[in-house]
2 protein chains.
Amino acid sequence: MNHYPEAVVKLILHLCRLPGIGEKTAERFAMYLLTAPEQEVAALGKSIAELQKKVKICNTCFCLSDSETCRICRDSARDHSLVCIVESPADMAAIEKSGAYPGVYHVLQGLVSPMDGIGPDEIRIRELVKRVASGTVKEVVIATSTSVEGEATADYISKSLKPYSVKITRIASGVPMGGELKYIDQVTLKKAMEARRVL
Amino acid sequence: MNHYPEAVVKLILHLCRLPGIGEKTAERFAMYLLTAPEQEVAALGKSIAELQKKVKICNTCFCLSDSETCRICRDSARDHSLVCIVESPADMAAIEKSGAYPGVYHVLQGLVSPMDGIGPDEIRIRELVKRVASGTVKEVVIATSTSVEGEATADYISKSLKPYSVKITRIASGVPMGGELKYIDQVTLKKAMEARRVL
């Protein structure tokens, strides 16, 4: 890497920090950026540098937003009594893409993970309890991942919301669509069997 | 993607231009950059924006450089009568990493490729001929890729340099080290057989 000019070496080192990017790919990006149209490169640099200043966090659901309150929280056509709890803005975007959800969201910005020193107070659970306590919410759908941390967080939230008269649901676990049974792990199959439904 | 704020969408679109990066990976980069330390993100943005301004092209070998003449061309310990011809700065870096080359370079900045409308005048062949004509070069090693374009370019260079009293060599083709014979393609095997040497 020290066969390149200093500016290129510096860029490669910065690009290496991106998730899943090693030195080889970073080098490839740098070579591309060196020969790409000047305007395009400047625009990319600017949009990275400005990103954190321009993006706000919604004061209601804590998702990424252009303004104080996000587009979804401002939308009167959405069902504000139905709140879906997700770990991150990316999870929220995934559910939005499915087009199957008419309610609003609550983005935890993390999962309870004692191993990483993240307790319930480090994520937005307190704000969720306050939101439910205000009485406007009729159902919360817990849509955290089905990982150990996701399940633990779902458990914790479910216990925290018990005192309130709110329906608490969890997204279904089971065989993914298009999945071949023989390749599905045993825990998923067990869950799918337990949650079988009458046709 | 339109479930994200405008600044995020813009960044994702810019990142999608990077080679081999699709919308999913760009989204992952954007999510990382949103939560990464502010200083790190600013540094990345700055080094991208400044890249093309800071990096110069060496006036002798046309590789990337910090100054008018590159570190290798200025190095009196290198053999300036031996010139290795490569397609790109990345190829040059690969040869430098091998540590097996004591001479200097000539970076073509492309290969002859009639299909893409790139003729010999679009790449730095004229400058190479001039350099050889000056009389200081004793040997040129043509180290373009062994692709169709690389071979065609090597042929063209070899013909262009014929009138001058310079030794013209081509890097060896053959079975790569650690390669299993049964998985090597037939053309490579044929070349390796033709170029067999006495032990």
Side-chain angles (χ1 to χ4, degrees), chain A residues 1-15 17-21 24-25 27-38 40-56 58 63-67 70-72 88-90 92-97 109, chain B residues 1-15 17-21 24-25 27-38 40-56 58 63-67 70-72 88-90 92-97 109:
Chain A
M1 208 163 67
N2 44 16
H3 317 297
Y4 289 119
E6 207 193 310
V8 179
V9 173
K10 228 167 83 182
L11 175 62
I12 292 176
L13 288 175
H14 283 309
L15 288 170
R17 302 265 189 103
L18 291 173
I21 298 303
K24 276 261 173 197
T25 314
E27 204 179 314
R28 201 168 149 221
F29 288 171
M31 289 305 122
Y32 168 78
L33 290 171
L34 269 167
T35 51
E38 204 184 319
E40 187 191 319
V41 178
L44 172 61
K46 201 175 152 211
S47 63
I48 289 176
E50 285 179 351
L51 180 70
Q52 294 195 351
K53 270 178 223 125
K54 280 207 174 164
V55 176
K56 294 186 178 68
C58 171
C63 77
L64 303 173
S65 172
D66 285 312
S67 49
C70 77
R71 202 176 40 79
I72 292 174
S88 68
M92 176 182 145
I95 294 176
E96 278 298 286
K97 269 179 214 163
Q109 294 183 335
Chain B
M1 207 164 67
N2 44 15
H3 315 298
Y4 290 118
E6 207 194 311
V8 179
V9 173
K10 229 169 81 182
L11 175 62
I12 292 175
L13 288 176
H14 284 308
L15 288 170
R17 301 266 190 104
L18 290 173
I21 298 301
K24 276 261 171 194
T25 314
E27 203 179 315
R28 201 169 148 219
F29 288 171
M31 290 303 125
Y32 168 79
L33 290 170
L34 269 166
T35 51
E38 205 184 318
E40 186 191 319
V41 178
L44 172 61
K46 202 176 150 208
S47 61
I48 290 176
E50 285 179 353
L51 182 70
Q52 295 195 351
K53 269 177 225 127
K54 281 207 174 167
V55 176
K56 295 185 177 68
C58 171
C63 76
L64 304 173
S65 170
D66 284 314
S67 49
C70 77
R71 203 175 40 76
I72 292 174
S88 68
M92 176 182 146
I95 294 175
E96 279 296 287
K97 270 181 214 161
Q109 296 184 332

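Please read all numbers here as calculations on a predicted model, not as lab measurements.
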* What part of Arg71(A) gets closer than 4.5 Å to chain B, counting heavy atoms only: side chain, backbone, both or neither? ->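 Interface part for Arg71(A): side chain.
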* Counting only heavy atoms closer than 4.5 Å, note whether Ile21(A) contacts chain B via side chain, backbone, both or neither. =>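 The side chain, not the backbone.
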Residue among [options] with most heavy-atom pairs under 4.5 Å to chain B:
options	value
Ala49(A), Ser65(A), Ala42(A)	Ser65(A)
Glu6(A), Met92(A), Arg17(A), Lys10(A)	Arg17(A)
Leu34(A), Thr25(A), Leu15(A)	Leu34(A)
Lys54(A), Lys46(A), Glu40(A), Glu38(A)	Glu40(A)

Euclidean distance, [Y] [atom2] relative to [X] [atom1], rounded to 0.5 Å:
X	Y	atom1	atom2	result
Tyr4(A)	Leu64(B)	OH	CG	7.5 Å
Ser47(A)	Leu13(B)	OG	CG	9.0 Å
Leu33(A)	Leu51(B)	CG	CG	6.5 Å

* Flag the one option from Pro89(B), Ser67(B), Ala30(B) with the top tally of heavy-atom pairs under 4.5 Å to chain A. =>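 Between Pro89(B), Ser67(B), Ala30(B), the count favours Pro89(B).
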Give me the atom names and distance for the closest heavy-atom approach of [X] to [Y].
X	Y	result
Pro5(B)	Val55(A)	CG-CG1, 4.1 Å
Val41(A)	Ile48(B)	CG1-O, 3.4 Å
Pro19(A)	Phe29(B)	O-CE2, 3.4 Å

* Side chain Gln52(B), main chain Pro37(A), donor-acceptor under 3.5 Å ->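 Checking the backbone N and O of Pro37(A) against the side chain of Gln52(B), no donor-acceptor pair under 3.5 Å is found.
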